[in-house]
Number of protein chains: 2
Amino acid sequence: MGADTNGPSGPGPHMQGLWLDDEPRLVTDLPVPTPAAGEALVRVRLAGVCGTDLAVLKGYVPFCGVMGHEFVGEIAAATAAPGRVGERVVGEINVVCGDCAACRAGRSSHCERREVVGLRGRNGVFAEYVTLPLANLHRVPNAVPDEAAVFTEPLAAALQILRQVPVGPDQRVLVVGAGRLGQLIARVLRLTGCELAVVARREPQRALLAAADIPWRSEGDVPTAGFDIVIEASGAPGGLALARRALRPLGTLVLKSTYAGEVAMDLARCVVDEITVVGSRCGPFAPALRLLAGDLVDPTPLIDDRFALADAEAALRRAAEPGVLKVLIDCGDFHRG
Amino acid sequence: MGADTNGPSGPGPHMQGLWLDDEPRLVTDLPVPTPAAGEALVRVRLAGVCGTDLAVLKGYVPFCGVMGHEFVGEIAAATAAPGRVGERVVGEINVVCGDCAACRAGRSSHCERREVVGLRGRNGVFAEYVTLPLANLHRVPNAVPDEAAVFTEPLAAALQILRQVPVGPDQRVLVVGAGRLGQLIARVLRLTGCELAVVARREPQRALLAAADIPWRSEGDVPTAGFDIVIEASGAPGGLALARRALRPLGTLVLKSTYAGEVAMDLARCVVDEITVVGSRCGPFAPALRLLAGDLVDPTPLIDDRFALADAEAALRRAAEPGVLKVLIDCGDFHRG
């Protein structure tokens, strides 16, 4: 158990949550967390299972604690801002120190001492309650239902691409991978007017793209050096090789997936072709909420299944099935039921 | 022998040159080349041995023909521009078609059908004569001696970094490698006012940097995540690992070396740290000539040795010795002697 996480069987009132030690297991005797100064206690309403959660289960990062980082909830207590109690919120997942060199240089998402909700040193959202700094919590506009708001974090991650790489109507853009993140990336990129194509393997992925007016391609139908920008969102080494092949010289390859271990690339070829490779991770919440509030992106067709928190272990198993996109976990049953 | 190269024992007047087949060898019966339409015949005065030439010897790219691509010469014949005969020139090494998708998109340095002087499908400059399109040839200002002008191509390659990545006085920049190219890169970067350091292993490299008022560091003295921009110019996998370690999150890693084969990188870490990797190759000649003419960069202290064309094989051996920087080859002995 990390120093910053409250494990099962602590003192005070208890709650249900999905605890990861060696294996994930539902526990019912987690202490309801106590917010630190500047933090709020958030009652989780709905949470989403992310590919990174599944990677954590495979040991991609060492983590022990309550899992999960995608959520929408409501502020249950906030000593420093009592007026915000009852506010429906989503939360940025990096909890930063504000004082290290990265924070002081305005790069707080890379805070050297950061904790990450459900991923590093901090309990996550597959539970009835979570604590987060008030500064991390964004009010959800009334027009955005819980089922859309729960996508704010991955939608922000998709939007991060546009903060790092200018994309416009004069560019040919390929997204490799039409899973959870690839689908959201495609929906964000479509708004730029770029000439977009998405490599999609499975029929349901293709149907979702077609319904969103986004052209898909099979892997065998990707022209070599045919794209100015390629986004790798498959998380598979084969997807990376395809992405590299599809990129033209002087083009930009955006890596949106995390791979386990080292992956070989022909770096001499990267130099000769003068390509740019951009690693891209978390993104801005406020713009993501604006896209949702303006109905510019509708992520809800990506929802494949929904489980009660008591069935969270089953939710993880379901999310790990091939081709399954978003699986949601209702964490608020106990309050609303 | 490639379709575009004239090999030994052809018809017409003959010349000396360093021919690469399986091994490099000096031959004296190369035909003096005949310029095609729009091309000039250039009498080579002075040539430089580049790290890429040595990589070609190791089989990094398959090439058969006259070696060498760094040179200064004078136009000996040019049907399309008789007024330029006698002009002292340096030459861009990519010979492009002007008609492919890359050329039409303004990215002619990545022409899909390009030939590269002394590297791909086109005879090089370790010879008495070379032919090049007139459009490739830049007049050398009188103020620039041959011994400086011969550095135009690698200096342009160093300048390419500034076309790809903005560098200014508010940035901490590390150059890994203080060999031929690293020394030139450091001299170009120094002009930006950035907070510059160069990783230099050898005492003579360090002395050269100190004489140019450029701080050097040993490998053991590089702070982790201490630099906003890191230029990898060592060509060694160990240099790449050091460069990666020295780069801060959200920083930019410029790859200026070509590596043989695939090199493994921890791409998951690149995503988490959101770094940008930029491959960088050839650069603009006119700005490089301006730096030389304005005496803003003096490359001549990098000259370690000088050989007659007749001793070109020895010149290659000398250039391959550890720690040796620039080796020049006098190709004009026969005309000037």
Side-chain angles (χ1 to χ4, degrees), chain A residues 52 55 60-61 100-102 105-112 114 116 119-120 157 160 163-165 170 224-226 228 232 235 237 240-241 248-283, chain B residues 52 55 60-61 100-102 105-112 114 116 119-120 157 160 163-165 170 224-226 228 232 235 237 240-241 248-283:
Chain A
T52 306
Y60 151 63
V61 282
C100 68
R107 299 186 296 268
S108 64
S109 64
H110 291 273
C111 167
E112 294 157 18
R114 71 181 179 275
V116 188
L119 291 170
R120 187 199 292 190
Q160 175 73 348
R163 288 214 297 193
Q164 296 176 288
V165 181
D170 55 346
T224 296
D228 305 299
E232 207 303 287
L240 178 65
R248 68 153 167 86
L250 284 171
T252 299
L253 173 61
V254 179
L255 300 182
K256 203 64 205 181
S257 308
T258 46
Y259 308 84
E262 296 210 326
V263 177
M265 264 183 98
D266 185 343
L267 294 181
R269 198 67 229 168
C270 294
V271 172
V272 169
D273 286 343
E274 294 190 300
I275 68 162
T276 295
V277 182
V278 178
S280 178
R281 188 171 49 103
C282 293
Chain B
T52 306
Y60 151 64
V61 282
C100 68
R107 300 187 294 268
S108 64
S109 63
H110 291 271
C111 167
E112 295 157 17
R114 72 181 179 275
V116 188
L119 292 170
R120 187 199 292 190
Q160 175 73 350
R163 287 214 299 191
Q164 296 176 289
V165 181
D170 55 346
T224 296
D228 305 299
E232 208 303 287
L240 179 64
R248 68 152 166 88
L250 284 171
T252 299
L253 173 61
V254 179
L255 300 182
K256 204 64 205 180
S257 307
T258 46
Y259 309 84
E262 296 212 325
V263 177
M265 262 183 101
D266 185 343
L267 294 182
R269 196 70 227 165
C270 294
V271 172
V272 169
D273 286 343
E274 294 191 300
I275 68 162
T276 295
V277 182
V278 178
S280 178
R281 188 173 49 105
C282 294

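Chain letters run A, B, ... following the sequence lines, proteins first and then strands; every chain starts at 1.
- Residues B/H110 and A/P249 approach most closely at ND1-CB, 3.3 Å, considering heavy atoms.
- You'll find the side chain of B/V277 stays beyond 4.5 Å of the side chain of A/T276, heavy atoms only.
- Of the two parts of B/Q160, only the side chain, counted from C-beta on, holds a non-hydrogen atom closer than 4.5 Å to a non-hydrogen atom of chain A.
- Going from atom CD of A/E274 over to atom CZ of B/R163 covers 8.0 Å, rounded to the nearest 0.5 Å.
- When atom types are taken as modelled, the side chain of A/R281 and the backbone of B/V272 share a donor-acceptor pair closer than 3.5 angstrom.
- With chain A as partner, the option from B/S280, B/C270, B/C282 having the largest number of non-hydrogen pairs under 4.5 angstrom is B/S280.
- In this structure, chain B has no heavy atom under 4.5 Å from any part of A/E112.
- For the atom pair B/L267 CG and A/E232 CD, the distance stands at 9.5 Å (nearest 0.5 Å).
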